[in-house]
2 protein chains.
Amino acid sequence: MAMSSGRRIPEATVARLPEYLRLLTETLDAGISNVSSDELADMAGVNAAKVRKDLSYLGTYGVRGVGYEVEYLIYQVRRELGLDHDWPVVIVGAGNLGQALAGYGGFRSRGYPVAGIVDIDPAKVGTMLGDIEVRSVDELGDIVASGAVSIGVVATSAISAQDAADKLVAAGVTSILNFAPVLLNVPPTVTVRKVDLAVELQILSYYEQRRAEPPASHHARRSGTAS
Amino acid sequence: MAMSSGRRIPEATVARLPEYLRLLTETLDAGISNVSSDELADMAGVNAAKVRKDLSYLGTYGVRGVGYEVEYLIYQVRRELGLDHDWPVVIVGAGNLGQALAGYGGFRSRGYPVAGIVDIDPAKVGTMLGDIEVRSVDELGDIVASGAVSIGVVATSAISAQDAADKLVAAGVTSILNFAPVLLNVPPTVTVRKVDLAVELQILSYYEQRRAEPPASHHARRSGTAS
DNA sequence: GCCGGCTTGTGAACGCATGCACGAGCGGAA
DNA sequence: TTCCGCTCGTGCATGCGTTCACAAGCCGGC
Ligand SMILES: NC(=O)c1ccc[n+]([C@@H]2O[C@H](COP(=O)([O-])OP(=O)(O)OC[C@H]3O[C@@H](n4cnc5c(N)ncnc54)[C@H](O)[C@@H]3O)[C@@H](O)[C@H]2O)c1
Ligand SMILES: NC(=O)c1ccc[n+]([C@@H]2O[C@H](COP(=O)([O-])OP(=O)(O)OC[C@H]3O[C@@H](n4cnc5c(N)ncnc54)[C@H](O)[C@@H]3O)[C@@H](O)[C@H]2O)c1
């Protein structure tokens with residue numbers, strides 16, 4: 001009895017919805033107006049039952065014997081994810097990573113325009129990154145307030161990351177995406193997601209090493225960890 | 001009955017080990033030689049029992065009533081993750097992201113030196129990124145072979161990502177970290193991990209929207225297809 | 001109008017991960 | 001030596017997520 005919306009959606013499902021959305025958009029662009037859970041599952045590389053269950057949290061939008069109408073489903077997924085309007089983001093730290101993020105067009109096109117990027121280094125303040133200017137951290141409050149920003153990105157060095165987070169919270173940001181390899185301490189009202197690229201490599205090398213070293217008594221169990 | 005090593009470690013645990021390792025290294029740098037599961041759990045922001053269970057997969061390295069010897073534990077975690085030697089990586093795509101990755105010192109210091117970065121754009125080949133030169137994709141095989149590279153990073157545009165992956169696989173790479181928002185098709189012998197930064201933002205905005213819209217029942221069933 | 005083929009939505013079983021609770025074992029004090 | 005406090009290692013229960021399997025339901029053909 002999945003109701004249209006308002007229901008609590010499992011975290012694992014929330015993490016997959018953006019992927020479905022991307023695939024559905026590609027499908028629509030290809031001129032296909034209807035898709036089955038089987039086809040969508042193939043594209044996403046997951047189980048078809050999982051796709052159906054995931055989508056059932058949004059509501060009953062499929063048609064038995066037919067599948068899902070792509071355009072309508074896109075609308076529903078977007079609505080559920082809160083993508084019926086833009087979510088401007090502010091980036092703290094205009095170093096290697098901050099510059100790459102600011103220069104990336106994929107964020108704007110997906111609904112996350114960069115409302116501003118700030119740095120503490122006076123030498124960087126005032127420089128242009130594409131069409132946006134690096135501003136001072138002191139202006140964070142202004143940027144957040146005037147741009148209705150609720151998402152902040154921490155791209156400073158690890159040592160400064162907590163300081164950056166504190167300033168974002170003080171400025172009124174309520175969600176933070178953290179690229180620094182540290183655990184941020186924030187009020188419980190603020191959501192933090194952390195992306196640690198070095199960790200990704202470490203996970204890969206673990207499986208890599210495991211493959212190279214098939215020792216020991218028991219049968220080497222092949223762990224097909226592909227995605 | 002935790003066996004010393006070589007046995008299968010749950011994926012969730014593998015994903016946390018790098019984080020423990022980082023915290024342990026910081027702890028050692030701070031001159032602390034012994035740590036309890038409680039302290040480590042606090043630092044990592046997780047449950048103490050989880051820390052103990054995670055570490056127990058490596059072997060029995062703790063001392064009851066005392067805790068874990070930091071230096072020895074670091075050694076064991078590093079060994080388990082395959083970090084007793086470097087894992088050179090090769091980056092495909094010297095755009096915004098590729099340049100940021102190549103210029104990031106944190107990879108080398110964590111045991112992932114950049115063996116090379118390649119691009120298909122002749123205008124980029126030959127340019128220097130810090131102390132490494134952008135080389136042609138044609139040299140991928142050479143770089144992989146001469147540098148004993150087993151990990152590749154895909155940082156090309158989405159359209160070219162599959163091509164980049166194919167070339168990496170052909171060159172002999174067996175693990176791929178993919179930043180392009182597409183599902184890569186690779187042989188089952190190759191492990192792929194995908195990092196999609198836009199997805200992270202989408203997850204954040206989902207919870208953000210959910211917070212702003214506390215009431216449950218509201219949803220006109222608008223037909224996206226209403227013509 | 002009816003039938004047969006397809007695909008959805010979901011109950012139920014299973015498997016993995018988490019967290020509790022406690023026995024086992026170590027170090028230090030008396 | 002003996003006892004006490006502390007912390008590990010882990011059995012077990014609980015909860016979440018995945019997958020199977022199938023009835024419900026729609027469409028097109030006849
Ligand atoms: N560059 C990468 O590819 C990469 C990869 C993985 C992780 N990271 C992480 O991302 C973060 C940034 O990496 P980077 O390579 O861009 O570093 P960087 O040193 O190039 O840039 C950091 C920037 O942050 C600014 N900064 C420092 N303290 C600040 C503060 N308190 N407020 C505002 N700005 C401040 C600095 O002036 C600098 O411009 C680091 O934590 C790093 O570990 C980067
Ligand atoms: N820049 C970011 O911050 C960011 C953020 C999230 C995701 N991404 C993703 O990362 C990828 C790269 O982003 P970017 O901003 O660096 O893009 P970019 O366009 O700046 O760079 C892509 C580079 O790849 C090269 N390239 C294209 N096809 C190639 C091929 N077949 N072989 C070798 N090189 C090839 C291009 O010449 C270019 O230099 C994209 O898929 C993007 O969606 C980037």
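In what follows, every chain begins at residue 1, and chains take the letters A, B, ... in the order their sequences are listed.
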#### Entry: Any A:Lys194 side-chain heavy atom under 4.5 Å of A:Phe179 side chain
no

#### Entry: Qualifying residue, where the test is side-chain contact (heavy atoms from CB on, under 4.5 Å) with A:Val154 and the options are A:Val182, A:Leu177, A:Leu168
A:Leu168

Hydrogens and angles aside, do [X] and [Y] bring a side-chain donor and acceptor to less than 3.5 Å of each other?
X: B:Arg211; Y: A:Thr191; answer: yes
X: B:Asn34; Y: B:Tyr68; answer: no
X: A:Ser56; Y: A:Tyr61; answer: no
X: B:Thr174; Y: A:Glu208; answer: yes

### Message
I need the residues from residues 27-38 of chain A with at least one non-hydrogen atom less than 4.0 Å from DNA chain C; give them sorted by number, or say none.
### Response
A:Ser36, A:Ser37

Return the value, rounded to whole Å, for the distance between atom [atom1] of [X] and atom [atom2] of [N].
X: A:Asn47; N: C:dG9; atom1: CG; atom2: C1'; result: 14 Å
X: A:Leu40; N: C:dT8; atom1: CG; atom2: C1'; result: 13 Å
X: B:Glu11; N: D:dG17; atom1: CD; atom2: P; result: 16 Å
X: B:Leu17; N: C:dA17; atom1: CG; atom2: P; result: 13 Å
X: B:Ile9; N: C:dT18; atom1: CD1; atom2: C1'; result: 17 Å
X: B:Asp54; N: C:dT18; atom1: CG; atom2: P; result: 7 Å
X: A:Lys50; N: D:dA21; atom1: NZ; atom2: C1'; result: 17 Å
X: A:Arg16; N: D:dG17; atom1: CZ; atom2: C1'; result: 8 Å

Between protein and nucleic acid, restricted to nucleotides 25-29 of chain D and to nitrogen or oxygen atoms under 3.5 Å apart, what atom pairs and distances do you find?
residue: D:dG25; atom: N2; partner: A:Gly65; partner atom: N; Å: 3.4
residue: D:dC26; atom: O4'; partner: A:Arg64; partner atom: O; Å: 3.2

### Query
For A:Val46 and B:Leu55, take the nucleotide of DNA chain D holding the closest heavy atom to each; which residue's nucleotide lies nearer the 5' end?
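The residue closer to the strand's 5' end, by nearest nucleotide, is B:Leu55.
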
### Summary
Sorted by position of nearest nucleotide on DNA chain D, 5' first, the leading residue of A:Pro10 and B:Gly62 is B:Gly62

[X] side-chain N/O to [Y] backbone N/O, donor-acceptor pair under 3.5 Å:
X: A:Thr13; Y: A:Ile9; result: no
X: B:Arg78; Y: B:Asp84; result: no
X: A:Arg22; Y: B:Pro181; result: yes
X: B:Glu80; Y: B:Val14; result: no

### Task
Look at B:Arg52 and D:dG9 and indicate whether a side-chain polar atom (N or O) is within less than 4.0 Å of OP1 or OP2.
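Looking at the OP1 and OP2 atoms of D:dG9, neither is under 4.0 Å from any side-chain N or O of B:Arg52.
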
### Query
Do any side-chain nitrogens or oxygens of B:Tyr57 fall under 4.0 Å of OP1 or OP2 in D:dT10?
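So the side-chain polar atoms of B:Tyr57 never come under 4.0 Å of the phosphate oxygens OP1 or OP2 of D:dT10.
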
Grab the N/O contacts between the protein and nucleotides 12-15 of chain D below 3.5 Å, and write none if there aren't any.
residue: D:dC12; atom: N4; partner: B:Lys53; partner atom: NZ; Å: 3.3

### Summary
Taking C:dG19, D:dT19, C:dT10 as options, the one with an atom nearest any side-chain atom of B:Ala49 is C:dG19

### Task
Please assess A:Asp86 against A:Tyr112 for the test side chain to side chain donor-acceptor pair (under 3.5 Å), listing each intermediate value before the final yes or no.
CA-CA 6 Å; A:Asp86 277 357; A:Tyr112 301 91; over 6 Å; no

### Query
Parallel, tilted or perpendicular: which describes the rings of A:Tyr75 and A:Tyr72, with under 30° parallel and over 60° perpendicular?
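Correct class here is parallel.
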
